[in-house]
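The block underneath contains the structure these notes are about, expressed in structure tokens.
The analysis underlying the following values was restricted to heavy atoms, covering all of them including side chains, and did not include hydrogens, waters or symmetry mates. These numbers were taken from a predicted model, which means no experiment stands behind them.
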Amino acid sequence: MAKVTVLLCFCILAVFGSVNAHTGKEKVGIYELKRGDMSLKFTNWGATLVSFVLPDKNGKLIDIVLGYDTIKQYKNDTTYFGAIVGRVANRIKGAQFKLNGHTYKLVPNEGKNMLHGGPKGYADVVWEVTKYQNKGHKPHIVFSYHSFDGEEGFPGEILVTVRYTLLADNQVTVVMKAKNIGNKATPVNIANHAYWNLGGHNSGDILSEKIQIFASNYTPVDNDLIPTGKIEAVKGTPFDFLKPEAIGSRTRQLPKGYDINYALDGVHGGKIRKAAVLQDEKSGIEMELSTNAPGLQFYTGNMIKDVKGKAGFVYKAHAALCLETQWYPDYVNQPDFPQSIVEPRKNYKHVMLYKFSSH
């Protein structure tokens, strides 16, 4: 059970209430990690990042992730604001795949395809808080979830943990692990779905922010955003961010925005390396993201439409962007893509490292 030495004051409980977990025992609460001027808040509904506050170049504290004020809004959310998604993030064509001679039929939730683990993926369950420390040199919180055999159609029984840790020099790590405790192999691709706006969650769109993505190739998609199976060079395309460019600089070529997977450079033995750098000129905040995953989904909030968020602010298209490190979409049906299949008694580990600075 959770070690609930937390910020669960009556005022928070009055706002967020409580919800039965998968076990019927866990309750939903709000948890804070704080170090210096940096503060992160979470809820164990979906192991979700609720707020991320840090100072801009003028010392003003701003919240740089989109989110909601109440747990009811998170329960009704369709954007995955701040959530952990899985068992397999992103899209699976036809909501099915073959593994070890067996065809597994999943639960579709985006037309005939599956997105982010299905209609009740990891973003829509209550996680257990197994560790929580908001003092010392490394404030951290660990969320755990027991994912059963057959959940949303996936084979195998796994134990999932997500650990958020605040480090020195405005660094944050997100470590997502899974251990296969069953007797069936299973695909695992857990991702963090935070929506970033380095100008502040209520500052408008992110089209003027500059991004650099360390990927020479990307995976083209069909009309349903399912990869075609090809891996093509970004050079000469609107997807080329090998050098820092304003996100909105190519809106004529891509008027709807970006929702595409990049094949990150330097994938050797699962080592952590730089994936992307994001900069906001007005706030002066820069975010550098590193990972051990082979792919990065760059999504510019194209489908956000008049969503009422924190403090009543209404989020519109391109109000934020997602940088989801991952294994490639539909890899379970694409044998030439990097694979993440966890055999019985084996483990999965996905690491994200964020470094923040202001100039």
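Taking the six-membered ring wherever Trp is involved, the centroid distance between the rings of Tyr195 and Phe81 falls below 6.0 Å. In this structure, Trp45 has its ring center at least 6.0 angstrom away from the ring center of Tyr68. With ring centers used as reference points, Phe52 lies 6.0 Å or more from Tyr354. Ring to ring, His102 and Tyr104 are close: their centroids are under 6.0 angstrom apart.
In summary, the side chains of Asp265 and Ser216 do present a donor paired with an acceptor at a separation below 3.5 Å, with no hydrogens or angles considered. Looking only at atom types and distance, the side chain of Gln326 has a donor-acceptor partner in the side chain of Asn261 under 3.5 Å away. With hydrogens and angles left out, the side-chain atoms of Ser39 and Glu32 include a donor and acceptor closer than 3.5 Å.
Side chain of Tyr164 to main chain of Ala47: a donor-acceptor pair is present (N/O by atom type, distance under 3.5 Å, no hydrogens or angles). The main-chain N or O of Trp127 is found under 3.5 Å from a side-chain atom of Asn44 such that the two form a donor-acceptor pair. No donor-acceptor pair under 3.5 Å is formed between the side chain of Asp56 and the backbone N or O of Gly284.
Cation-pi check for Arg250 over Phe241 is met; the charged atom lies under 6.0 angstrom from the ring centroid and within 45 degrees of its normal.
Considering only residues two or more places apart in sequence or on other chains, Lys184 meets the salt bridge (Lys or Arg N to Asp or Glu O under 4.0 Å) condition with Asp149.
Interatomic distance, Met287 CE to Leu278 CG, rounded to the nearest 0.5 Å: 5.0 Å.
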